[in-house]
Asks: 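Here it is, the structure in full.
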Number of protein chains: 2
Amino acid sequence: MTGQTRFNSWQAVHDEVLRRIREREWKPGDSIPNEDDLAREFGCARSTVNRALRALADAGLLDRRRRAGTRVALHPVGKATLDIPVIRREIEARSQRYGYALQSRQDAVPPGPVRAVLNLGPDARAQHVLALHLADGRPQAIEDRWINLATVPQAADADFAKVSANEWLVDNATYTHGDITFSAQSATAAEAALLGVDAGAALFVIDRTTWHHDDAVTTARLAYAPGYRIQTRI
Amino acid sequence: MTGQTRFNSWQAVHDEVLRRIREREWKPGDSIPNEDDLAREFGCARSTVNRALRALADAGLLDRRRRAGTRVALHPVGKATLDIPVIRREIEARSQRYGYALQSRQDAVPPGPVRAVLNLGPDARAQHVLALHLADGRPQAIEDRWINLATVPQAADADFAKVSANEWLVDNATYTHGDITFSAQSATAAEAALLGVDAGAALFVIDRTTWHHDDAVTTARLAYAPGYRIQTRI
DNA sequence: TAGTGGTCTAGACCACCGT
DNA sequence: CGGTGGTCTAGACCACTAG
């Protein structure tokens with residue numbers, strides 16, 4: 001017998017298990033040994049194995065259930081983690097000069113779809129903010145936002161001419177959860193004019209809605225000028 | 001003295017720290033007590049505090065550095081985790097019928113940009129696969145892929161008429177890391193024809209490149225028909 | 001160089017849920 | 001029911017780095 005390789009760090013265990021999955025030693029759908037057995041095999045504590053397997057489960061490579069044990073995921077789902085920075089910082093991170101131009105701001109009855117998303121009654125009003133974010137003086141993104149005054153009444157008095165609603169909300173409204181949708185949409189005539197591009201240009205669009213428990217806080221549509229992209233490592 | 005509230009689970013500690021950040025008891029940039037002190041205050045073990053703070057740091061709300069301690073992040077970065085499923089499963093998950101149509105497949109010298117990404121010499125050849133993914137018979141996405149035969153030689157013999165390169169690679173090539181870029185692009189005439197849309201339509205595009213250690217495995221461009229979107233919760 | 005987070009350990013109890 | 005993962009604990013050593 002030669003000496004066993006030791007896997008006494010959760011990273012080492014993680015990598016070894018990942019290797020066995022990738023090399024098909026453990027195939028999709030297979031049950032793998034339980035934590036106690038793996039700990040014995042790897043010569044480490046069970047909690048070390050636990051952390052490694054938990055990381056792999058978070059990554060979507062393993063399915064873990066009490067009593068049923070741990071299995072290799074049938075359909076390994078790739079997961080990518082994106083950073084969603086505040087636009088100003090995103091621009092400044094590229095060493096560009098950030099600019100901001102409020103286009104309009106009013107208290108109004110939102111259109112049907114927005115009303116539905118914010119869960120407002122048919123006559124309820126909300127704060128509408130339309131603004132332009134600029135990078136080195138050139139339009140970078142249109143922010144079209146509705147803020148639920150029932151949830152964030154202070155928004156009625158905020159000075160969105162100086163601070164974007166985007167940033168104001170980060171500092172003045174908390175949320176418990178939200179959802180984000182990424183899509184590609186053709187620029188409307190109005191959007192094209194604001195961004196200084198041809199109508200119909202392909203815009204990268206991020207729709208975001210946030211809630212504080214059951215109360216909708218705000219919903220926003222960010223339409224980025226052509227050329228924008230989001231990148232991440234996996 | 002009234003009895004202290006106990007925080008004897010990492011979730012409870014997590015929530016309490018999150019509360020203090022949200023309520024501005026601990027402001028952006030502030031140092032917070034070290035793990036030992038917090039453990040004493042919360043009446044739990046240091047490792048419990050550690051796990052809670054680690055989760056908050058992963059979420060971008062805290063900055064942690066040895067010796068320097070833990071600080072509330074100056075600019076809380078929102079993070080979103082996207083699932084990147086195999087296209088077939090994505091379509092089947094919507095209860096649509098999946099279809100696949102290989103358009104062309106050849107061994108060729110890739111264009112400059114692809115050569116650069118795959119880190120190939122000027123005369124090196126690679127496997128080029130162009131295919132269409134369909135949902136209920138309608139074009140859903142164009143897959144334009146180059147496979148590095150130096151890394152995955154078996155790709156030369158794969159039958160991409162039956163199994164998409166996308167899926168074949170999942171089963172036959174492993175990778176250690178990769179990068180993904182999301183963008184919006186106008187459909188070229190060729191893309192528009194394949195997808196059955198007007199030229200210039202806004203397409204959601206995912207560019208993905210994967211490596212096995214230092215060797216590029218494949219690079220692919222997935223251009224989705226208008227209407228496609230990616231959604232996630234935060 | 002000393003203080004902080006990062007991690008490992010050995011043991012323990014518990015929640016969950018297949019069988 | 002009983003096996004599995006989920007978690008907590010108390011203690012220890014280590015890696016990193018600010019002062």
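Excluded from the calculations below are hydrogen atoms, water molecules and symmetry mates; all remaining heavy atoms, backbone and side chain alike, are included. Chain A is the first sequence line, chain B the second, and so forth, proteins listed ahead of strands; every chain is numbered from 1.
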Asks: Tell me: CG of B/D58 to P of C/dG5, nearest whole Å?
Replies: 15 Å

Asks: Polar pairs (N or O, both sides) under 3.5 Å between protein and nucleotides 17-19 of chain C?
Replies:
from: C/dG18; atom 1: OP1; to: A/R65; atom 2: NH2; distance (Å): 3.4
from: C/dG18; atom 1: N3; to: A/R67; atom 2: NE; distance (Å): 3.4

Asks: Any salt bridge (charged side-chain N to carboxylate O under 4.0 Å, His left out) involving residues 84-100 of chain B? Give me the pairs, sequence neighbours left out, ordered by first then second residue.
Replies: B/R88-B/E92, B/R88-B/E167

Asks: Is it true that a side-chain atom of A/N50 and a backbone atom of A/R46 form a donor plus acceptor pair closer than 3.5 Å?
Replies: no

Asks: Pick one: which of B/I142, B/I87, B/V205 meets side-chain contact (heavy atoms from CB on, under 4.5 Å) with B/L222?
Replies: B/I87

Asks: Short question: side chain of A/T232, backbone of A/T81 - any donor-acceptor pair under 3.5 Å?
Replies: yes

Asks: Could you check whether B/Q185 and B/S183, counting side-chain N and O atoms only, form a donor-acceptor pair closer than 3.5 Å?
Replies: yes

Asks: Take the angle between the ring planes of B/Y228 and B/Y224 and call it parallel below 30°, perpendicular above 60°, tilted in between.
Replies: parallel

Asks: For the side chain of B/T218 and the backbone of B/W146, is there at least one donor-acceptor N/O pair under 3.5 Å apart?
Replies: yes

Asks: Base, sugar-phosphate, or nothing for A/S47, non-hydrogen atoms under 4.0 angstrom?
Replies: base

Asks: Give a yes or no on whether the ring-centroid distance for A/W211 and A/Y175 is below 6.0 angstrom.
Replies: no

Asks: Within residues 27-38 of chain B, which residues have any heavy atom lying less than 4.0 Å from an atom of DNA chain D?
Replies: none

Asks: Distance-only, no hydrogens or angles: does the A/E143 side chain make a donor-acceptor pair with backbone N or O of A/N166 under 3.5 Å?
Replies: yes

Asks: Kindly say whether B/K27 contributes a backbone atom to a donor-acceptor pair with the side chain of B/D30 at under 3.5 angstrom?
Replies: yes

Asks: Identify the stems formed by DNA chain D, where each pair is Watson-Crick or G-U wobble with both distances under 3.5 angstrom and a stem is at least 3 consecutive pairs.
Replies: C:1-18 with D:1-18

Asks: Donor-acceptor check, side chain of A/Y100 to backbone of A/F160, threshold 3.5 angstrom: yes or no?
Replies: yes

Asks: Using the closest heavy atom to pick a nucleotide of DNA chain C for each, name whichever of B/N50 or A/R46 lands nearer the 5' end.
Replies: B/N50

Asks: Measure the spacing between CZ of B/R233 and CD of B/Q231 and express it to the nearest 0.5 Å.
Replies: 7.5 Å

Asks: Quick check on DNA chain D: between A/R64 and B/G43, whose nearest nucleotide comes earlier from the 5' end?
Replies: A/R64

Asks: Filter on ring-ring contact (aromatic ring centres under 6.0 Å, His included), then keep only pairs touching residues 32-83 of chain A, sequence neighbours left out; what's left?
Replies: A/F7-A/F42

Asks: Taking any atom closer than 4.0 angstrom to a non-hydrogen atom of chain A, what span of DNA chain D does the protein reach, first nucleotide to last?
Replies: D/dG2 to D/dT7

